[in-house]
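Here the structure comes first, spelled out in structure tokens, and everything after it is commentary.
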Amino acid sequence: MALARRPSLPAAWLGLAVGVLVLCGAPSCRIADPEHCANLRDAQGRTMHAWCEANASLAYCDPCLASAAGYFGCTDRRPSEDACVLSMLPAPVEGSSTGEASSSGEVPGCTEQGWSEACASVDSQAPYCEQGQCIDCQALCPAPQTCAPLPSGTCVECLPDEAQACPPQSPRCSPALACTASCDRHAQCPASACDLATGSCMPEAGSLAIVDPLNPTCRELAGGDWSLSPVVYCDVSTALASAATQVSQAAIVVEPRTPPYGVLDVPAGLSVAILGATDADQAPVFRASSASAPTVVSLAPTGRLYLQGVVVSGVASELTTALRCEDAELWLDEVEVRANHVGVGAQDCDVHVVRSSIHDNTGEGVEVLGGALWLDSSVIALNGGSQLRVEEAAIDIRASDLLGGLESSPANLECGTGVVGVLDGVIALSDAIGQGQGIDSIACDTVDLLRTVTEASFADGHPGLAEVFSEPTRGELADNGQALSSAWRAPWVLGDPYFDIDGEPRPSPQRPLVLIGANEPSP
């Protein structure tokens with residue numbers, strides 16, 4: 001189901017406001033607005049942070065934040081300690097049982113060690129009780145455990161961006177926030193690449209080659225002994241031809257060059273990772289050399305291609321598909337696909353798209369006919385046909401954006417027969433949908449919509465992509481995502497993508513609510 005818009009303030013809540021608060025210490029602030037969250041209590045007795053979570057879909061009440069734009073002083077950023085959060089609590093309502101800080105800092109109801117409802121009602125990020133005081137999760141977690149970025153607060157072994165706490169025998173952090181020996185990102189295997197399908201690093205010796213056309217000793221012909229130091233080739237096609245005769249797994253590091261690389265054919269049965277630059281501005285480009293080229297990158301049956309940190313660009317020909325996959329596995333990570341006819345065309349393939357952008361192609365952005373599609377923290381936007389067209393396939397789309405901009409292509413998701421799956425944490429909007437018609441651009445009634453925003457989420461029609469997004473192809477929301485999207489936040493839970501399209505962590509213990517869609521705004 002679609003997320004609801006932020007409700008307006010009911011008159012009943014105004015009747016429960018409790019007057020004007022006094023000045024607090026530095027930074028100095030005075031909240032005289034009876035509609036500020038610091039002065040509000042709803043019928044259930046909730047106030048401050050608990051009020052904001054329940055009634056404004058935001059985690060905190062900031063006593064020094066003006067109650068402008070209908071947010072009542074609520075925010076997703078935790079106020080600093082010198083903002084006197086606890087001392088700003090309104091006087092208790094007679095008969096209320098919610099926890100409130102006393103002048104000594106103790107919270108009535110905080111009597112037993114552990115999670116405390118009384119503490120949670122005062123500060124959702126300090127919901128644990130210890131000796132009459134409310135503490136946060138990290139203070140509760142014994143070393144070497146760390147606090148998980150979950151609203152309830154949980155002690156876990158590690159965080160994916162802070163895996164140094166893990167022991168040598170299991171040095172990486174899994175999506176379940178536990179130390180593991182398995183890899184799920186290429187960066188975790190710096191000497192080769194991660195075979196993501198198996199969770200193991202490719203062999204450090206004998207699987208790595210380098211493509212650097214500016215290296216004066218690069219090989220122009222296939223060959224070279226991969227069992228020795230990494231062989232340097234002048235072109236990716238030459239490296240692939242050599243890999244097919246020597247290894248079953250290959251990691252090929254590609255340096256950028258001008259002019260771009262040409263078309264690329266991955267041989268059948270080979271598992272290969274082609275790794276470009278971690279800096280998007282330095283990503284090597286693969287481009288069709290002429291309008292007659294049917295594909296830029298093609299993957300033969302039974303092959304497995306991992307593509308990371310590259311750009312695949314075409315000539316917008318009616319014959320050109322950027323990436324074509326048949327009866328194989330295609331994994332895209334930090335890849336940009338633009339200016340082709342079809343972005344990705346897959347027949348009976350398993351397609352994984354992570355932190356990637358597929359945009360401004362003249363036809364479909366992604367077409368999956370049979371097989372399965374996983375879309376994670378990615379954007380499919382402004383393509384001439386449907387952004388995503390699926391038949392006889394299973395789909396799992398999480399924390400992503402499907403954004404149409406042309407009147408000729410209202411469908412962001414177009415399903416044929418035999419489609420099952422889920423959209424969770426997705427923004428799906430199209431300028432082609434009329435205002436206030438009560439319909440949306442998801443033309444697929446066989447998938448579940450969870451935490452998903454569509455045109456139907458707006459009572460009077462959404463205002464248009466240009467007003468919602470500052471950069472649709474990267475999922476960047478206007479106004480840094482604060483005003484337009486504050487009602488689109490949800491708690492991060494295990495199983496949600498941890499990194500956004502920019503590779504930045506989504507959640508933190510200080511920010512338990514994350515933005516749905518591909519791009520989490522910077523703090």
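Residues take their numbers from the sequence shown, with the count starting at 1. Only heavy atoms go into these numbers, but all of them, side chains included; no hydrogens, no water, no symmetry mates.
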Test side chain to side chain donor-acceptor pair (under 3.5 Å) applied to Asp327 and Gln347, step by step: CA-CA 6 Å; Asp327 192 23; Gln347 176 78 49; over 6 Å; no
Using every non-hydrogen atom in the two residues, find where [X] and [Y] come nearest and quote the distance to one decimal.
| X | Y | value |
| --- | --- | --- |
| Ala273 | His186 | CB-CE1, 4.3 Å |
| Leu413 | Leu423 | CD2-CD1, 3.9 Å |
| Asn519 | Glu476 | ND2-CG, 3.3 Å |
| Ala187 | Pro190 | O-CD, 3.8 Å |
| Ser356 | Glu334 | OG-N, 3.2 Å |
| Glu467 | Ala478 | O-CB, 3.5 Å |

Does either side chain, that of [X] or that of [Y], offer a donor lying less than 3.5 Å from an acceptor on the other one?
| X | Y | result |
| --- | --- | --- |
| Glu329 | His352 | no |
| Asp212 | Tyr233 | no |
| Ser430 | Asn412 | no |
| Glu364 | Asn383 | no |
| Thr473 | Arg338 | no |
| Thr320 | His341 | no |
| Glu391 | Thr417 | no |

Within the 4.5 Å heavy-atom criterion, are [X] and [Y] side-chain neighbours or not?
| X | Y | value |
| --- | --- | --- |
| Leu375 | Leu402 | yes |
| Phe499 | Pro160 | yes |
| Trp331 | Leu305 | no |
| Asn215 | Ile210 | no |
| Val232 | Val211 | no |
| Leu264 | Leu240 | yes |
| Val254 | Val310 | no |
| Asp401 | Ile380 | no |

[X] [atom1] to [Y] [atom2] distance, which is reported to the nearest 0.5 Å:
| X | Y | atom1 | atom2 | value |
| --- | --- | --- | --- | --- |
| Cys183 | Arg172 | SG | CZ | 5.5 Å |
| Asp431 | Leu382 | CG | CG | 8.5 Å |
| Asn361 | Ser313 | CG | OG | 8.5 Å |
| Met202 | Ser192 | CE | OG | 7.0 Å |
| Leu403 | Gln387 | CG | CD | 7.5 Å |
| Leu477 | Phe469 | CG | CZ | 5.0 Å |

Worked verdict on Ile274 versus Val272 for side-chain contact (heavy atoms from CB on, under 4.5 Å): CA-CA 6 Å; Ile274 298 177; Val272 57; 4.1 Å; yes
For the backbone of [Y] and the side chain of [X], can you confirm whether one donor and one acceptor N or O come within less than 3.5 Å of each other?
| X | Y | answer |
| --- | --- | --- |
| Gln282 | Ala277 | no |
| Trp226 | Ser242 | no |
| Thr452 | Leu450 | yes |
| Ser400 | Ile397 | no |
| Thr321 | Leu323 | no |
| Thr295 | Val297 | no |

Criterion side chain to side chain donor-acceptor pair (under 3.5 Å) on Glu455 and Ser441, from CA distance to verdict: CA-CA 7 Å; Glu455 294 80 4; Ser441 57; 3.1 Å; yes
Are the charged groups of [X] and [Y] less than 4.0 angstrom apart, N to O?
| X | Y | result |
| --- | --- | --- |
| Arg324 | Asp265 | no |
| Asp502 | Arg474 | yes |
| Asp376 | Arg398 | no |

SG([X]) to SG([Y]) below 2.5 Å:
| X | Y | result |
| --- | --- | --- |
| Cys173 | Cys158 | yes |
| Cys201 | Cys194 | no |
| Cys147 | Cys155 | no |

Geometric cation-pi criterion, Arg304 with Tyr306: 6.0 Å, 45°: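 No; the conditions do not both hold, so Arg304 does not lie above the ring face of Tyr306.
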Salt bridge (charged side-chain N to carboxylate O under 4.0 Å, His left out) evaluation trace for Asp500 with Arg506: CA-CA 6 Å; Asp500 72 357; Arg506 293 178 183 275; 5.8 Å; no
Within 6.0 Å of CD in Gln169, more than 12 heavy atoms from elsewhere: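 Count over threshold, so yes.
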Greater than 12 external heavy atoms within 6.0 Å of Leu221's CG: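 Counting other residues, nucleotides and ligands, CG of Leu221 stays at 12 neighbours or fewer.
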Step-by-step side-chain contact (heavy atoms from CB on, under 4.5 Å) determination, Val419 to Cys444: CA-CA 8 Å; Val419 177; Cys444 188; 4.2 Å; yes
From CA spacing to verdict: salt bridge (charged side-chain N to carboxylate O under 4.0 Å, His left out), Arg355, Glu336: CA-CA 9 Å; Arg355 296 186 294 277; Glu336 183 180 6; over 6 Å; no
Trace of the side-chain contact (heavy atoms from CB on, under 4.5 Å) decision for Asp184 with Gln188: CA-CA 7 Å; Asp184 57 47; Gln188 295 171 333; 3.7 Å; yes
Test side-chain contact (heavy atoms from CB on, under 4.5 Å) applied to Val231 and Arg219, step by step: CA-CA 8 Å; Val231 183; Arg219 292 184 61 93; 3.5 Å; yes
